[in-house]
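We number each residue from 1, following the sequence as shown.
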Amino acid sequence: KIYVRMLLTIIINFIVGVLVGVSGIAGFLLPIYYISVMNLRSVEALALSFTAFIVSGALGSFNYYKKNLLNLRIAIILSIGSFFASFLGVKANLLIPEQIVQIILYTMVLLSGISILIRKNKENQKIKCNEFLLIVIGFVTGFICSISGAGGPIIVLPILLMLGIGIHEAVATSLFNSVFIGIPSSIGYILNSDLSIILPLIPAVILSHGAGVYFGSKNGNRINQDILKKTVAVFSILISMYKLISLF
């Protein structure tokens with residue numbers, strides 16, 4: 001049984017990694033998998049998920065940077081707010097009941113899916129917002145991501161697109177930002193997890209998710225982003241509605 005769980009975890013992390021590398025979104029599927037399929041507590045699910053998000057953010061944003069699709073200035077300023085907010089998000093998560101955490105997660109996934117589905121793309125427009133606004137956006141989204149486990153890009157990406165950043169650059173920026181959400185969140189949740197459960201899985205998560213992200217981000221500019229995002233959005237809406245109904 002443990003080998004089946006390990007193999008399934010490797011497969012899921014690779015598939016989600018490919019989707020994250022291509023589109024910047026879909027990371028929210030990992031905590032849903034850990035909670036719904038592996039029946040882990042939310043703290044262990046988020047520990048494993050944010051560990052994967054660090055890998056996906058680092059590899060994905062690096063590949064986009066090599067293609068000159070990452071605006072480092074925007075990404076760094078945004079990540080300053082997210083980094084400090086993530087500590088608060090983890091603290092808040094650990095203080096609230098398990099069911100409330102899951103409701104927050106699925107609600108954020110539902111809202112993110114809806115926003116992606118109804119949003120109109122605004123390509124090749126220059127972003128016009130100052131450093132303070134970027135830090136505030138990073139702080140708010142970092143807190144929401146770290147407390148819910150929804151993953152950085154699925155929340156940050158729609159905001160960047162609404163600000164007028166092109167799709168590929170927004171993906172690159174949100175992936176970079178997820179590293180600075182993931183580091184404090186991963187450490188915080190791991191320190192409060194049952195290590196006997198997550199330590200055997202962490203190497204498999206890092207390697208399989210990393211491989212998927214690397215493959216996806218290398219080929220992301222070859223895939224129709226609009227179709228992919230709408231597909232992920234519809235799936236996220238359906239699964240989050242199902243899980244919210246089952247919780248109530």
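- The hydrophobic clustering, which links ILVMFWY residues whose side-chain heavy atoms are closer than 4.5 Å, places Leu40 and Ile187 apart.
- For the side-chain contact (heavy atoms from CB on, under 4.5 Å) with Ser56, the qualifying choice from Leu30, Asn13, Val16, Val213 is Val213, the only one to do so.
- For the 3.5 Å distance criterion, the side chains of Thr9 and Tyr33 qualify, holding a donor opposite an acceptor.
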Full working for side chain to side chain contact (heavy atoms under 4.5 Å, CB included) between Ser42 and Ile35: CA-CA 6 Å; Ser42 62; Ile35 293 172; 4.3 Å; yes
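- Clustering ILVMFWY residues whenever any of their side-chain heavy atoms sit less than 4.5 angstrom apart, transitively, puts Ile144 in the very cluster that holds Ile104.
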Should Met38 and Ile12 be marked as a side chain to side chain contact (heavy atoms under 4.5 Å, CB included) after you check the CA-CA gap, both sets of side-chain angles, and the distance that decides it? CA-CA 12 Å; Met38 293 190 67; Ile12 293 297; over 6 Å; no
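- With hydrogens and angles disregarded, a donor-acceptor distance shorter than 3.5 Å links the side chain of Ser174 to the backbone of Val171.
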Side chain to side chain contact (heavy atoms under 4.5 Å, CB included) between Ile202 and Ile190, intermediate numbers included: CA-CA 10 Å; Ile202 286 178; Ile190 287 174; 4.3 Å; yes
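- Taking the side chain as every heavy atom from C-beta outward, Phe176 and Leu70 approach each other to under 4.5 Å.
- In this structure, Phe53 and Ser178 approach most closely via the heavy-atom pair O-OG, 3.7 Å.
- Remark: Tyr34 OH to Arg5 CZ distance equals 11.0 Å, nearest 0.5 Å.
- Glu44 places a side-chain N or O within donor-acceptor distance of the main-chain N or O of Asp194, the cut-off being under 3.5 Å.
- The two residues Ala204 and Ile10 come nearest to each other via the heavy atoms CB-CG1, 3.8 Å.
- Using a 4.5 Å cut-off between side-chain heavy atoms of Ile, Leu, Val, Met, Phe, Trp and Tyr, with links allowed through other members, Phe143 and Ile96 fall into the same hydrophobic cluster.
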With side chain to side chain contact (heavy atoms under 4.5 Å, CB included) as the criterion, how do Ile197 and Arg41 come out once you've worked through the C-alpha distance, each side chain's angles and the decisive distance to 0.1 Å? CA-CA 10 Å; Ile197 294 176; Arg41 295 187 306 155; over 6 Å; no
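- Aromatic ring pairs are classed by plane angle as parallel below 30°, tilted from 30° to 60° and perpendicular above 60°; the pair Tyr189 and Phe50 is parallel.
- Nearest heavy-atom pair, Pro200 versus Met6, reported as atom, atom and distance to 0.1 Å: O-CE, 3.4 Å.
- For the residue pair Gly149 and Leu46, the shortest heavy atom distance occurs at CA-CD2, 3.4 Å.
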